[in-house]
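First the structure, in the form of structure tokens, and then the observations on it.
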Amino acid sequence: MRRFHAVAGTSVFVVLAPGVVAGAIPWWLTGWDAGPRLAFEPVWQTVAIILISAGSAVLLHAIVRFVVEGAGTPAPMGPTDHLVVGGLYRYVRNPMYVAVTAVILGQALLLNRPVLLLYGLAAWTVNAAFVRWYEEPALSRRFGAEYDAYRTSVPAWLPRLRPWAPSVEGEGTAGDGG
């Protein structure tokens, strides 16, 4: 895929997927109106800001990896030419889904809106099902042993403490992308 098409496709994807899931739907559910004040509110707000900021940074990093390393988009309609296993993907297989969930949970804490906690759980459940029954089989078919070695070594949801680096033998040839 040409770089321009990867950037354009990824830009559209960002608006239509994470933009809707972590932006439009939370706004629709809350109107960005805060719930009642809580005890320890400054602590919750600090945690919320950390979750939203970190989630946004992780999302941006992961999306850029698709264009730069994968030469494609995160969207199934414009898949990457190469398996994306560098950067934060060395720690967790699904950093975009983890990031979007973190942003939603941060919004729930910042606004004190339990509906966003429930929505965040629902969004993660849908994403986990999509990963399990569509993405993993599709990536296994597309990238074969390279993806299977990566999937075996890098957890889907809870990051590793140390970055994964494939060995020359038996772990594919994806490189560390670092």
Reported OH-to-CG distance for the pair Y119 and L29, which is rounded to 0.5 angstrom: 7.0 Å

Should V20 and W28 be marked as a side chain to side chain contact (heavy atoms under 4.5 Å, CB included) after you check the CA-CA gap, both sets of side-chain angles, and the distance that decides it? CA-CA 10 Å; V20 169; W28 177 74; over 6 Å; no

From F66 CZ over to D81 CG, what is the distance, rounded to the nearest 0.5 angstrom? 12.0 Å

For residues 94-107, dump all side-chain donor-acceptor pairs below 3.5 Å to protein atoms at least two apart in sequence or in another chain.
{"unit_1": "N94", "atom_1": "ND2", "unit_2": "A156", "atom_2": "O", "d": "3.1"}
{"unit_1": "Y97", "atom_1": "OH", "unit_2": "E135", "atom_2": "OE2", "d": "2.7"}
{"unit_1": "T101", "atom_1": "OG1", "unit_2": "Y97", "atom_2": "O", "d": "2.9"}
{"unit_1": "Q107", "atom_1": "NE2", "unit_2": "A22", "atom_2": "O", "d": "2.8"}

Not counting sequence neighbours, which residues clear side-chain hydrogen bond (donor to acceptor under 3.5 Å, both in side chains) with R151? List them please. E136

Quick check for you: to the nearest 0.5 Å, what is the distance between F143 atom CZ and Y150 atom OH? 11.5 Å

Which atom names give the shortest non-hydrogen contact between P26 and W32, and what distance separates them? CB-CH2, 3.7 Å

How many angstroms lie between CH2 in W44 and CG in L51, if you round to the nearest 0.5 Å? 10.0 Å

Compare all side-chain heavy atoms of V154 with those of R160 and state whether any distance is below 4.5 angstrom. yes

To the nearest 0.5 Å, what is the distance between CG on N112 and CD on E41? 7.0 Å

Can a donor-acceptor pair be found, under 3.5 Å and without considering hydrogens, that links the side chain of R113 to the backbone of D33? yes

Give the cluster check for V14 versus V84: same hydrophobic cluster or not, with ILVMFWY residues linked at side-chain heavy-atom distances below 4.5 Å. yes

Is I63 reachable from I52 through a run of I, L, V, M, F, W or Y residues, each pair having side-chain heavy atoms under 4.5 Å apart? no

Can you find a heavy atom in the side chain of T73 that is under 4.5 Å from one in the side chain of P79? no

At their closest point, which heavy atom of E146 faces which heavy atom of L83, and how far apart are they? CG-CD2, 3.7 Å

Applying a strict under-4.5 Å side-chain criterion to I, L, V, M, F, W and Y, I'd like to know whether V21 and V126 cluster together. no

Side-chain heavy atoms under 4.5 angstrom apart, residues restricted to Ile, Leu, Val, Met, Phe, Trp, Tyr: same cluster for F13 and V64? no

Write down the atom of V92, the atom of L158, and the distance for their closest heavy-atom approach. CG2-N, 4.2 Å

Would a single hydrophobic cluster contain both V131 and V58, if residues Ile, Leu, Val, Met, Phe, Trp and Tyr are joined by side-chain heavy-atom contacts under 4.5 Å? no

Which heavy-atom pair separates P137 from Y134 by the least distance, and what is that distance? CD-O, 3.3 Å

Here the pair of heavy atoms bringing H82 nearest to A71 is CD2-CB, 4.2 Å

Roughly how far, to the nearest 0.5 Å, is CG of L109 from CG of L117? 6.0 Å

Side chain to side chain, L118 and P114, heavy atoms closer than 4.5 Å: no

Go through the steps for V15 and S11 under the test side chain to side chain contact (heavy atoms under 4.5 Å, CB included), then give the verdict. CA-CA 7 Å; V15 170; S11 298; over 6 Å; no

Looking at L110 and Q45, what are the two nearest heavy atoms and their distance? CD1-CG, 4.1 Å

Centroid-to-centroid, W164 to Y89, below 6.0 Å? no

Would one find more than 12 heavy atoms of other residues, nucleotides or ligands at under 6.0 Å from atom CH2 of W27? no

Can you confirm whether L88 sits close enough to R65 that some side-chain heavy atom of one is under 4.5 Å from a side-chain heavy atom of the other? no

